[in-house]
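Order of the sequence lines fixes the chain letters, A, B, ..., with proteins taken first and strands second; residue numbering starts at 1 for each chain.
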Amino acid sequence: MKIATYNVNGVNGRLPVLLRWLEETAPDIVCLQELKAPQEKFPEQAILDAGYKAIWHGQKSWNGVAILSRGELPREIRRTLPGDPEDVHSRYIEAEIGGLTIGGLYLPNGNPAPGPKFDYKLRWFDRLHAHAESLLAAGKPVLLTGDFNVMPTELDVYKPESWVDDALFRPETRAAFAKLTAQGWTDAIRTLYPNEKIYTFWDYFRNAFARNAGLRIDHFLLSPQLVPRLAGAGVDKQVRGWEKTSDHAPVWIELKD
DNA sequence: ATGTCGCGCTAAGCGCGA
């Protein structure tokens, strides 16, 4: 079973790219981030026609997350991260599909740092810690995936020294990610490829993709029950080179049944 | 500091977030 995550950066603006990628790579389950579309503007029919049933949590202009499945409709468990009723950003959606619990997330960017946006990022991380702990405590197979907006280590940045003050790489951010994984989560890509430079995002500036000036910020965190099932992982890097493409590439893992 | 995008507002560029 192939499970993918893809920050599309506008689900309607990227629809041709998204549909081509679905057609060419046929993942079984897909988590999308940055829909940038209100609830009623999600392209449900086009996704259905492509063979996927979906649940989503939209928002005008920004954020927005979805879970797509080739088989059964994802059974939605929640569409917000617990812990702050005042937080109206659509950044989390959780579902069960065939006995697997999947949390799809779009962690706040947090720039500029320091500042209120960075404070929000760290608070969001605190809430994720709390919820992730409860997911582990249930003892079931769980996958947390999406755009974490964190490069976990220096290996995950093309030029670490120029990113140390950025909200995606500051010590507080890396510490928050390390604290999360220390609960018992496995970073799937890094476990399979411990020493390789693997990027999932290249910004639109300065010809970043052509220079491979990338970041690894889209992740798969596996609960202990899933680790023995991990059979492969990769980045569909070619998609980043297509016309009208997102600044992220799709990322995927393969789980044995 | 800049660079490049999509989206919303509103009808063409601009502000915002990334």
Side-chain angles (χ1 to χ4, degrees), chain A residues 5-21 31-44 46-47 56-66 81 86-92 104-125 128 145-152 156-159 161-170 172-174 176-177 199-219 235-251:
Chain A
T5 183
Y6 187 18
N7 179 324
V8 287
N9 190 8
V11 71
N12 288 303
R14 307 302 180 199
L15 194 57
V17 168
L18 173 63
L19 295 176
R20 177 180 169 192
W21 168 70
C31 292
L32 299 177
Q33 303 87 37
E34 276 208 84
L35 303 178
K36 290 186 169 180
Q39 189 68 15
E40 65 276 13
K41 295 268 181 69
F42 183 82
E44 182 180 23
I47 302 258
W56 66 96
H57 185 188
Q59 180 184 331
K60 193 168 78 173
S61 301
W62 296 306
N63 310 313
V65 285
L81 187 64
E86 310 274 290
D87 182 5
V88 295
H89 291 197
S90 52
R91 296 183 174 276
Y92 187 81
L105 62 94
Y106 175 47
L107 213 133
N109 176 295
N111 279 304
K117 289 185 178 175
F118 190 58
D119 296 340
Y120 171 60
K121 178 176 197 162
L122 295 180
R123 284 202 311 277
W124 209 93
F125 241 130
L128 183 59
T145 187
D147 177 0
F148 284 70
N149 269 315
V150 180
M151 295 85 90
D156 303 311
V157 201
Y158 68 98
K159 192 178 177 190
E161 62 273 21
S162 58
W163 286 82
V164 283
D165 294 324
D166 191 278
L168 279 65
F169 197 55
R170 286 176 70 93
E172 303 95 314
T173 307
R174 277 182 273 170
F177 187 85
Y199 302 137
T200 66
F201 167 95
W202 299 260
D203 83 34
Y204 291 122
F205 313 151
R206 302 181 220 92
N207 213 18
F209 185 58
R211 295 188 296 120
N212 198 28
L215 311 173
R216 189 175 74 96
I217 57 178
D218 301 274
H219 306 298
V235 179
D236 289 333
K237 190 175 172 181
Q238 75 283 1
V239 176
R240 181 62 181 79
W242 294 353
E243 289 297 312
K244 298 282 285 177
T245 199
S246 170
D247 40 8
H248 294 249
V251 190

Next item on the list: For A:Arg211, answer base if it contacts any base atom (sugar-phosphate contacts may also be present), sugar-phosphate if it contacts only those atoms, and nothing otherwise; contact means non-hydrogen atoms under 4.0 Å.
Entry: nothing
Notebook entry, point to check: Between B:dC9, B:dA18, B:dC7, which nucleotide has the shortest distance from any of its atoms to the side chain of A:Glu34?
Noted result: B:dA18
Next item on the list: Round to a whole Å and report the spacing from CG of A:Asp203 to P of B:dA1.
Entry: 17 Å
Notebook entry, point to check: Mapping A:Gly10 and A:Tyr106 onto DNA chain B by nearest heavy atom, which one lands closer to the 5' end?
Noted result: A:Gly10
Notebook entry, point to check: Donor-acceptor pair, A:His219 side chain versus A:Val150 backbone, under 3.5 Å?
Noted result: yes
Margin query: Using atom P in both nucleotides, what's the gap between B:dT2 and B:dC16 to the nearest angstrom?
Written below: 15 Å
Note to self: I'd like to know if the side chain of A:Asn111 and the backbone of A:Ala167 have a donor-acceptor N/O pair within less than 3.5 Å.
What the structure shows: yes
Notebook entry, point to check: CG of A:Asn12 versus C1' of B:dC7: gap in Å, rounded?
Noted result: 11 Å
Checklist line | Whole angstrom value for the distance that separates P of B:dA18 from CG of A:Asp218 | finding: 15 Å
Next item on the list: Compare the minimum distances between each of B:dG17, B:dG8, B:dT4 and the side chain of A:Phe205, then state the nucleotide with the smallest one.
Entry: B:dT4
Item checked: DNA chain B: 5'-proximal contact among A:Thr245 and A:Ala37 (nearest heavy atom) -> A:Thr245
Margin query: Under 4.0 Å, heavy atoms only, any strand: does A:Phe201 hit a base, just the sugar-phosphate, or nothing?
Written below: nothing
Check: Quick one: is B:dG6 close enough that its OP1 or OP2 comes under 4.0 Å of any side-chain N or O from A:Lys244?
Finding: yes
Check: Taking the side chain as C-beta and beyond, is there a heavy-atom pair between A:Val17 and A:Ser246 under 4.5 Å?
Finding: no
Check: Between B:dC16 atom C1' and A:Asn9 atom CG, what is the distance in whole Å?
Finding: 13 Å
Margin query: Measure CG/A:Asn63 against C1'/B:dG17 and give the value in whole Å, please.
Written below: 9 Å
Next item on the list: May I have the distance from A:Asn149 (atom CG) to B:dA18 (atom P), rounded to whole angstrom?
Entry: 8 Å
Check: Taking C-beta and beyond as the side chain, do A:Leu105 and A:Phe148 meet within less than 4.5 Å on heavy atoms?
Finding: yes
Check: In this structure, which one of A:Val251, A:Thr200, A:Val157 forms a side-chain contact (heavy atoms from CB on, under 4.5 Å) with A:Arg216?
Finding: A:Thr200
Note to self: So if I apply the side-chain hydrogen bond (donor to acceptor under 3.5 Å, both in side chains) rule between A:Gln33 and each of A:Thr5, A:Thr145, A:Asp147, A:Asn63, which one comes out positive?
What the structure shows: A:Thr5
Check: B:dA18, B:dG8, B:dG6: which one has an atom nearest the side-chain heavy atoms of A:Lys60?
Finding: B:dG8
Next item on the list: Determine the interatomic distance between P on B:dA1 and the same-named atom on B:dC5; round to the nearest Å.
Entry: 22 Å
Next item on the list: Specify the residues of residues 108-120 of chain A, ordered by number, for which at least one heavy atom lies under 4.0 angstrom from an atom of DNA chain B.
Entry: A:Asn109, A:Lys117
Next item on the list: Identify the two heavy atoms, one from A:Arg240 and one from A:Thr245, that lie closest to each other, and give their separation to 0.1 Å.
Entry: O-CG2, 3.0 Å
Notebook entry, point to check: Quick one: A:Lys41 NZ to B:dG8 P, roughly how many Å, whole number?
Noted result: 6 Å
Checklist line | Protein-nucleotide distance (A:Trp62, atom CH2; B:dG17, atom C1'), rounded to Å | finding: 6 Å
Note to self: It should be established whether A:Lys36 places a side-chain nitrogen or oxygen under 4.0 Å from OP1 or OP2 of nucleotide B:dG8.
What the structure shows: no
Less than 3.5 Å apart, which donor and acceptor atoms pair up between the side chains of residues 35-42 of chain A and the rest of the protein, not counting sequence neighbours?
residue, atom, partner, partner atom, Å
A:Lys36, NZ, A:Asn9, OD1, 2.9
A:Gln39, OE1, A:Gly58, N, 2.6
A:Gln39, NE2, A:Trp56, O, 3.1

